[in-house]
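Just so we're on the same page: letters track the sequence lines, and every chain starts at 1. Predicted model only: the values in this text are computed from it and were never measured.
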Number of protein chains: 2
Amino acid sequence: MINFKNIFLGSKHIILYGLLMAILVFALKWLQWKFLIVDNALEIYVGLIAVFFTILGVWVATQLVKPKIQTLIVEKEVYITQSGEFTIDETELKKLSLSSREYEMLQLLAKGYSNSDIGENLFLSLSTVKTHISNLFTKMEVKSRTQAIAKAKRLKIIR
Amino acid sequence: MINFKNIFLGSKHIILYGLLMAILVFALKWLQWKFLIVDNALEIYVGLIAVFFTILGVWVATQLVKPKIQTLIVEKEVYITQSGEFTIDETELKKLSLSSREYEMLQLLAKGYSNSDIGENLFLSLSTVKTHISNLFTKMEVKSRTQAIAKAKRLKIIR
DNA sequence: AAACCTTTCATACTAAAGTACCGGTTTGGC
DNA sequence: GCCAAACCGGTACTTTAGTATGAAAGGTTT
């Protein structure tokens with residue numbers, strides 16, 4: 001996991017700090033100019049003191065400050081075998097955009113019905129059954145009823 | 001999870017920093033003014049500078065310290081769909097007394113293979129495949145490949 | 001109203017599946 | 001060695017499946 005905070009503090013922070021120091025120096029210089037209260041030696045001295053004690057502060061802190069604790073939550077996947085409960089994959093089913101008759105054909109196909117069986121069951125002519133099944137195959141991109149059954153089961157669109 | 005620290009450092013941090021610097025500048029100016037009049041107190045001035053920058057250094061360091069990562073493992077339940085615990089009904093399979101080739105045919109039938117597909121796969125002639133499948137149908141007491149597939153799945157003799 | 005999809009049915013045809021019967025080889029058990 | 005079963009392959013035939021194309025009725029959407 002990327003720690004944005006570290007990146008921020010690791011590089012930009014230091015740059016920012018340096019810049020602020022530079023600005024401070026210039027600000028002091030400007031103030032010095034403006035108020036003509038001049039004591040260059042003192043400014044340099046104070047600046048060195050500042051830098052030194054800043055570094056000292058950092059060093060002291062790194063030696064004494066307790067390390068921060070960041071909690072990283074890791075999800076461990078526990079697999080639970082769910083017995084039997086079959087659910088139709090509605091997403092996959094909608095993708096195919098089958099008509100109701102076509103889906104009906106598919107269900108009966110999977111039951112092992114022949115074309116004439118289906119016709120007799122749904123009171124349709126053999127021609128009609130063939131037409132529906134042919135269209136079904138086109139939509140499912142298969143070439144035979146057995147392929148249709150295999151694919152339908154794989155996609156979980158029939159039980 | 002929202003990291004308040006990032007928000008703080010992201011925008012308010014800079015403002016705070018600026019404010020601190022402004023205060024510092026004015027403080028220095030004030031001190032400079034004061035101790036130019038009260039000359040002997042240079043040590044106090046430098047001391048204050050030292051203290052201030054030490055604190056600043058500590059503060060910077062605490063911001064820079066790399067957080068120690070504590071890993072917390074949380075269990076997440078994942079439901080895996082049926083296939084995990086499918087077992088072939090050996091009893092039903094033995095009842096049919098299929099030969100190894102016949103059973104092989106059945107498995108490929110269920111995959112949606114055509115007779116010629118099977119032939120090419122197993123390096124058998126179409127005639128041989130037909131013979132095996134025909135014998136398979138007789139043993140299974142079915143009349144078509146789709147019926148064979150349906151029955152085989154019902155009896156749980158194929159996956 | 002026109003365009004589109006679904007459903008129904010038809011004919012004609014090709015491709016594949018399935019049956020029946022045949023011959024031959026191999027393999028494992030008695 | 002013999003027998004039964006499995007295995008491999010073939011021919012011939014019937015049946016079923018699948019494709020192509022068209023047509024008509026009904027519903028929905030634009």
Side-chain angles (χ1 to χ4, degrees), chain A residues 88-155 157-158, chain B residues 88-155 157-158:
Chain A
I88 288 166
D89 191 335
E90 298 288 347
T91 317
E92 289 293 341
L93 187 54
K94 276 175 187 167
K95 274 187 200 167
L96 295 172
S97 66
L98 303 179
S99 74
S100 60
R101 275 304 201 198
E102 284 158 3
Y103 186 53
E104 215 170 357
M105 296 291 149
L106 180 59
Q107 290 173 339
L108 296 178
L109 237 50
K111 283 189 179 178
Y113 283 37
S114 71
N115 289 348
S116 54
D117 287 340
I118 296 171
E120 284 165 28
N121 234 272
L122 303 178
F123 306 104
L124 294 175
S125 78
L126 185 60
S127 315
T128 309
V129 175
K130 282 186 174 184
T131 307
H132 285 314
I133 289 179
S134 197
N135 294 333
L136 171 70
F137 291 172
T138 307
K139 286 185 182 176
M140 287 188 75
E141 296 174 323
V142 294
K143 291 200 176 297
S144 72
R145 59 214 294 112
T146 48
Q147 279 179 28
I149 295 165
K151 188 163 186 176
K153 296 227 172 188
R154 200 175 64 241
L155 297 178
I157 57 174
I158 52 164
Chain B
I88 289 166
D89 192 335
E90 297 289 347
T91 317
E92 289 293 342
L93 187 54
K94 277 173 186 166
K95 274 187 199 168
L96 295 172
S97 66
L98 303 178
S99 75
S100 61
R101 275 304 201 198
E102 284 158 3
Y103 186 53
E104 214 170 358
M105 296 291 150
L106 179 59
Q107 290 173 341
L108 296 179
L109 280 187
K111 282 189 180 177
Y113 283 39
S114 71
N115 290 347
S116 56
D117 286 340
I118 298 171
E120 284 165 27
N121 237 274
L122 304 178
F123 305 104
L124 295 175
S125 78
L126 186 59
S127 316
T128 308
V129 175
K130 282 186 174 185
T131 307
H132 284 313
I133 288 179
S134 198
N135 293 334
L136 170 69
F137 291 171
T138 307
K139 286 185 181 176
M140 287 187 76
E141 296 175 322
V142 294
K143 291 200 175 299
S144 72
R145 61 214 292 113
T146 48
Q147 280 179 27
I149 295 165
K151 188 163 186 175
K153 295 227 175 187
R154 202 175 60 241
L155 297 178
I157 59 174
I158 52 164

task = Establish, with yes or no, whether the OP1 or OP2 oxygen of dA17(D) is under 4.0 angstrom from a side-chain nitrogen or oxygen of R145(A).
result = yes

inquiry  = Can you tell me which nucleotide in dA17(D), dC7(D), dA6(D) comes closest to the side chain of S100(B)?
reply    = dC7(D)

ask   = Where the side chain of S127(B) is concerned, which of dG10(D), dA17(D), dT8(C) is the nearest nucleotide?
value = dG10(D)

remark   = From CG of D117(B) across to P of dA15(C) the rounded distance in Å is 16 Å

note = Ranking dG18(D), dT16(D), dA6(D) by distance to the side chain of K139(B), first place goes to dA6(D)

inquiry  = Can you measure Y103(A) atom OH to dT6(C) atom P for me and round it to whole angstrom units?
reply    = 16 Å

query = Atom CD of E102(B) to atom C1' of dA6(D): distance rounded to whole Å?
reply = 8 Å

query = Has the side chain of K151(A) got a donor or acceptor atom that lies under 3.5 Å from a matching backbone atom of V142(A)?
reply = no

From dA10(C), dC7(D), dA17(D), nucleotide with atom closest to S99(B) side chain = dC7(D)

message = So T128(A), base contact, sugar-phosphate only, or nothing? Heavy-atom distance under 4.0 Å.
response = base

ask   = For F137(B) and T131(B), take the nucleotide of DNA chain C holding the closest heavy atom to each; which residue's nucleotide lies nearer the 5' end?
value = F137(B)

ask   = What's the shortest heavy-atom distance between A110(B) and A150(A), and which atoms?
value = O-CB, 3.6 Å

message = What is the distance, to the nearest angstrom, from the CD atom on E104(A) to the C1' atom on dT6(C)?
response = 13 Å

Heavy-atom side-chain proximity of L106(B) to K139(B) below 4.5 angstrom = no

message = Regarding L126(A), tell me which of base, sugar-phosphate or nothing describes its non-hydrogen contacts under 4.0 Å with the strands shown.
response = nothing

message = Both T146(B) and S97(B) contact DNA chain D. Which one's nearest nucleotide lies toward the 5' end?
response = S97(B)

inquiry  = Once rounded to the nearest 0.5 Å, what's the spacing between atom CD of E120(A) and atom OH of Y113(A)?
reply    = 10.5 Å

request  = Look at the side chain of H132(B) and decide which nucleotide, out of dT7(C), dT16(D), dC7(D), has an atom nearest to it.
outcome  = dC7(D)

task = Rounded off to whole Å, could you give me the CG-to-P distance for the L124(A) and dT6(C) pair?
result = 16 Å

remark   = Distance col, row H132(A):NE2 vs L108(A):CG, nearest 0.5 angstrom, shows 11.5 Å

message = Whole angstroms only, please: what is the CG-C1' distance between N135(B) and dC7(D)?
response = 10 Å

ask   = Phosphate oxygens OP1/OP2 of dA16(C): is one of them under 4.0 Å from a side-chain N or O of N115(B)?
value = no

ask   = When you measure from the side chain of K130(B), which nucleotide among dT7(C), dT19(C), dA17(D) comes out closest?
value = dT19(C)

ask   = Which pair of heavy atoms, one from L109(A) and one from F137(A), lies closest together, and at what distance?
value = CD2-CE2, 4.0 Å

Protein-nucleotide distance (K143(B), atom NZ; dT15(D), atom C1'), rounded to Å = 12 Å

note = Residue pair L98(B)/S134(A) against DNA chain D: nearer the 5' end by closest nucleotide is L98(B)

message = What is the distance, to the nearest angstrom, from the CE atom on M105(A) to the C1' atom on dC9(C)?
response = 13 Å

